[in-house]
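Following: one structure in structure tokens, then a few remarks.
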Amino acid sequence: MFVDKNLGTTKQKQQKIDIGELEQVQKKKVKQNANINPYTGNQYSGDYYKILAVRKQLPAWDAKEQLFMLMEQYQVIVLQGETGSGKTTQIPQFLLEKYSKGRGIACTQPRRVAAMSVAKRVAEEMDVALGEEVGYSIRFEEKTSNKTILKYMTDGMLLREAMHDPKLERYSVVILDEAHERTLNTDILFGLLKEIMLKRPEDLKVVIMSATMDAEKFQKYFHNAPLLDIPGRVYPVEIFYTQKPEKSYLDAAISTTINIHAYEDPGDILVFLTGEEEIEEACKKITSEIQKLGDDVGPVRCVPLYSTLPPNQQQKIFESAPQPNKKGVQGRKIVVATNIAETSITIDGICYVVDPGFSKQKVYNPRLRVESLLASPISKASAQQRAGRAGRTRPGKCYRLYTEQSFNSELIDNTYPEILRSNLSSVVLQLKRLGIDDLVHFDFMDPPAPETLMRALEQLYYLGALDEEGNLTKFGQQMSEFPLDPQLSKVLLSSKDFYVTDEILTIVALLSVQQVFQRPKDQQQQADDARYQFVHQDGDHITFLNVFKSFKEHNESSDWCYQNFINYRSLKSADKIKAQLRQIMQKQQIPLTKTDPSNALYYTYIKKALIAGMFMQTAHLTKNGAYMTVKDSQIVAIHPCSVLNHKPEWILYQEFVLTSKNYLRTVTDIEGKWLYEMCPEYFNPKTIKNIETRKEFEKIERQVLEEQRRKPDLLTVEQIQRLHKDVKSERTQSISSSKSIQK
DNA sequence: GAGCACTGC
């Protein structure tokens with residue numbers, strides 16, 4: 001039972017006692033009749049005993065007594081177990097026997113599917129209905145009830161809960177699973193739980209569960225917590241290295257794969273590459289090269305696997321190897337995948353792994369405020385994980401396309417945790433919201449660079465989420481309620497001042513999903529033609545809005561999407577996100593306001609609302625025809641995928657991508673004057689490095705001052721309000737604050 | 001006229 005934190009103390013005590021008594025009664029019952037499920041009071045089904053017999057074979061069962069012993073003595077323990085040990089399914093069930101008095105047990109997972117599928121499995125094992133005693137909680141789907149005592153959830157979800165239940169009082173045990181993955185959310189939870197444990201020494205236990213690497217680091221971080229080691233159940237994997245470094249890992253991967261196919265025993269192959277383009281090329285080459293070998297080698301089914309592949313194509317990796325050829329030579333399945341096959345998707349029957357040693361990784365440059373993707377060498381832990389994929393069903397082999405020496409001396413032990421590779425404005429806002437004021441002294445397992453934290457604080461200050469002292473403002477608190485980048489939260493909260501909440505909800509939702517437009521390689525022209533009908537000359541943001549409106553007019557038809565090269569899944573998910581965001585707006589009593597699309601200023605309002613949050617991401621066209629970002633003076637170009645076919649003097653951009661050049665992706669035509677009017681402090685000409693841009697702002701400054709002298713009361717937001725006499729005028733906080741800035 | 005690893009609220 002998850003205790004509602006709003007319950008009065010007496011009531012809470014009362015409830016706990018009741019449950020305690022209930023358990024006593026249940027225990028007696030169990031003694032009387034071992035066939036009764038203590039959680040439901042029903043008789044166990046036949047399946048229960050069958051599953052129980054299998055469960056008892058899992059290595060986790062041998063550790064049960066030791067687990068209880070350690071839990072008795074310590075508040076936090078580290079549990080290390082390989083795949084196949086049963087830790088994710090069994091440990092939480094063991095803990096239910098002792099630690100669910102009056103409160104629940106939470107077990108976090110980095111991914112939604114894992115939370116869902118594990119919950120389903122455990123409900124079966126416990127012989128209860130999913131969503132009753134055992135449930136799960138992920139974004140858009142809460143499958144729990146007031147009976148739920150064990151809840152699997154995404155780490156992000158637990159963090160959300162912490163915002164409204166700062167001591168996580170609903171839980172008696174919190175288990176952080178897959179801790180070695182070091183997701184952003186898990187890392188924040190580490191620090192948070194460390195603080196909460198101090199406040200709840202008697203009634204909170206914490207279990208950190210991880211694969212083999214890193215256990216020592218976790219132990220040390222949690223005040224030398226004890227380690228419980230559970231052996232895995234995996235088959236040995238033989239590792240091979242190359243004698244010399246390879247010139248091209250792609251070529252080497254292809255030829256190694258062909259050699260395995262030609263000379264090794266039957267068994268499927270998994271090849272790791274870095275991205276879509278490489279994977280498609282490799283699949284094509286492998287297939288054609290093997291065909292050239294004729295009937296002496298077996299037929300192959302070579303399938304690509306990456307996340308942006310549509311689900312029906314992803315399913316192909318589960319199809320079996322082709323039938324033997326006419327000479328009777330066995331067929332083989334070859335999966336060529338990104339890192340998605342390292343953690344997220346498990347394919348049975350893989351016996352050979354080809355590991356070139358690279359993956360695309362996010363890197364963050366705080367000085368340029370740019371996140372980019374870079375193909376980089378993997379870590380030892382990652383290489384180990386990849387090799388392990390060959391030993392899930394029988395002994396396997398792993399071919400590493402680098403030398404043993406480079407494995408030992410060049411690969412780092414563990415991939416840098418995400419928190420060291422990301423823009424942290426969202427994280428900082430969350431921490432502030434969780435009541436952590438002193439970020440510099442917050443106990444991060446790996447503290448981010450001070451410059452990254454400074455950048456985040458600075459950005460949040462400019463957005464109005466923090467005051468001069470770095471304290472969370474009321475506005476910042478509102479921003480933190482949204483599952484969005486702080487900049488987009490600001491856009492959304494500002495949209496009501498410009499009477500375009502619905503339009504902005506749509507745009508923000510679409511910006512949160514990937515790939516609105518499809519552009520298959522063999523139909524690029526058709527895709528571009530189809531896209532043309534949605535194009536709005538002001539740019540990509542409003543073009544997105546047009547797509548969504550059209551999608552709705554066509555009753556969310558998937559056929560219509562297919563015919564128009566629109567990603568149906570993305571739009572459906574944007575629709576869900578939009579509903580969730582609208583709900584959060586309503587919950588915070590932000591008025592939903594609107595403008596008639598025929599109003600001459602309709603698009604101006606939309607663009608001004610975008611500027612309200614995105615003003616830090618703007619660029620100015622210089623005389624030589626190149627764009628320069630307004631504040632950092634970086635030379636940039638509009639990405640060719642943008643619908644903008646002219647070069648406006650000022651643009652707002654959503655994303656800065658560093659590939660062959662500095663590109664701005666998702667771009668909209670704006671006016672320099674609006675920038676100055678809306679954020680005069682930020683665009684004060686004295687702060688602008690580039691001379692041309694500075695001179696422009698000086699011109700604008702003079703112009704605006706002149707206008708204000710003539711009509712001292714004229715304010716942008718008020719102008720708008722006058723046009724909306726029908727809408728009840730409401731002096732909100734942000735209107736008055738933008739007024740005070742302008743004076 | 002270029003190209004998006006993977007998650008998540």
Side-chain angles (χ1 to χ4, degrees), chain A residues 108-115 137-142 153-164 178 181-189 272-281 305-309 337-345 358-363 371-376 378 382 385 415 417-419 421-422 426-427 429-430 433-434 479-486 488-489 509 512-521 524-525 528 567 570 573 576-577 580-581 583-584 637-645 655 657-666:
Chain A
T108 68
Q109 298 292 320
R111 283 166 292 279
R112 284 189 214 168
V113 266
S137 175
I138 59 178
R139 189 182 187 181
F140 303 128
E141 209 182 334
E142 169 92 32
M153 64 208 296
T154 49
D155 48 10
M157 210 61 188
L158 185 62
L159 209 51
R160 280 277 142 188
E161 282 188 4
M163 282 186 183
H164 297 103
E178 311 289 359
E181 289 193 30
R182 302 290 307 274
T183 67
L184 213 48
N185 290 330
T186 298
D187 262 28
I188 301 171
L189 285 169
F272 284 100
L273 289 174
T274 67
E276 172 178 347
E277 207 178 323
E278 259 176 30
I279 288 172
E280 294 293 351
E281 189 189 330
L305 176 65
Y306 43 88
S307 74
T308 48
L309 210 61
T338 60
N339 249 10
I340 193 170
E342 199 181 296
T343 48
S344 308
I345 296 180
F358 288 91
S359 72
K360 280 195 187 166
Q361 287 165 34
K362 187 168 71 182
V363 282
E371 280 182 353
S372 47
L373 279 176
L374 218 63
S376 329
I378 59 170
S382 193
Q385 182 76 16
T415 313
E418 213 185 343
I419 200 161
R421 300 182 283 123
S422 311
S426 204
V427 170
L429 183 63
Q430 267 180 314
R433 172 60 195 267
L434 290 164
M479 280 169 61
S480 70
E481 288 290 327
F482 294 96
L484 292 171
D485 253 10
L488 288 177
S489 302
S512 316
V513 300
Q514 47 176 7
Q515 272 191 321
V516 170
F517 294 109
Q518 308 263 38
R519 201 164 180 261
K521 271 213 164 56
Q524 292 186 348
Q525 192 55 49
D528 290 347
N567 190 329
S570 297
S573 116
K576 254 184 169 176
I577 293 172
Q580 188 190 35
L581 297 176
Q583 210 180 6
I584 298 172
I638 297 176
H639 197 281
C641 73
S642 171
V643 302
L644 269 189
N645 54 6
E655 215 184 338
V657 288
L658 185 78
T659 48
S660 54
K661 262 205 245 179
N662 288 333
Y663 282 110
L664 305 184
R665 215 188 279 159
T666 314

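Letters A, B, ... mirror the listed sequences (proteins, then strands); counts begin at 1.
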From [atom1] of [X] over to [atom2] of [N], roughly how many Å is that when rounded to an integer?
X       : N      : atom1 : atom2 : result
M153(A) : dT7(B) : CE    : P     : 20 Å
R519(A) : dA2(B) : CZ    : P     : 12 Å
I188(A) : dG8(B) : CD1   : P     : 16 Å
E141(A) : dC9(B) : CD    : P     : 11 Å
L305(A) : dC6(B) : CG    : C1'   : 12 Å
L373(A) : dT7(B) : CG    : P     : 13 Å
Q109(A) : dC9(B) : CD    : C1'   : 16 Å
F272(A) : dA5(B) : CZ    : P     : 15 Å

I'd like to check the ring pair (Phe, Tyr, Trp, His ring centres under 6.0 Å) partners of F517(A); sequence neighbours left out, ordered by chain and number.
none
Classify [X] by what it touches in the nucleic acid, base, sugar-phosphate, or nothing, heavy-atom distance under 4.0 Å.
X       : value
R665(A) : base
T338(A) : sugar-phosphate
Q514(A) : nothing
R160(A) : base
K661(A) : nothing
T154(A) : sugar-phosphate
L159(A) : nothing

Side chain to side chain donor-acceptor pair (under 3.5 Å) involving T274(A) - partner list, sequence neighbours excluded:
E278(A)
Out of [options], which has the shortest distance to the side chain of [X]?
X       : options                : answer
R111(A) : dG8(B), dC4(B), dC6(B) : dG8(B)
P640(A) : dA2(B), dC4(B), dA5(B) : dA2(B)
Y663(A) : dC4(B), dC6(B), dA2(B) : dA2(B)

May I ask you to check whether over 12 heavy atoms, not counting those of E277(A), lie within 6.0 Å of atom CD?
no
Tell me which of S137(A) and S307(A) sits closer to the 5' end of DNA chain B, going by the nucleotide each one is nearest to.
S307(A)
5'-most contact on DNA chain B (nearest-nucleotide basis), H639(A) vs S344(A), goes to H639(A)
Is it true that S382(A) and E342(A) share a donor-acceptor pair across their side chains at a distance under 3.5 Å?
yes
Going by an N to O cut-off under 4.0 Å, is there a salt bridge joining R182(A) and E418(A)?
no
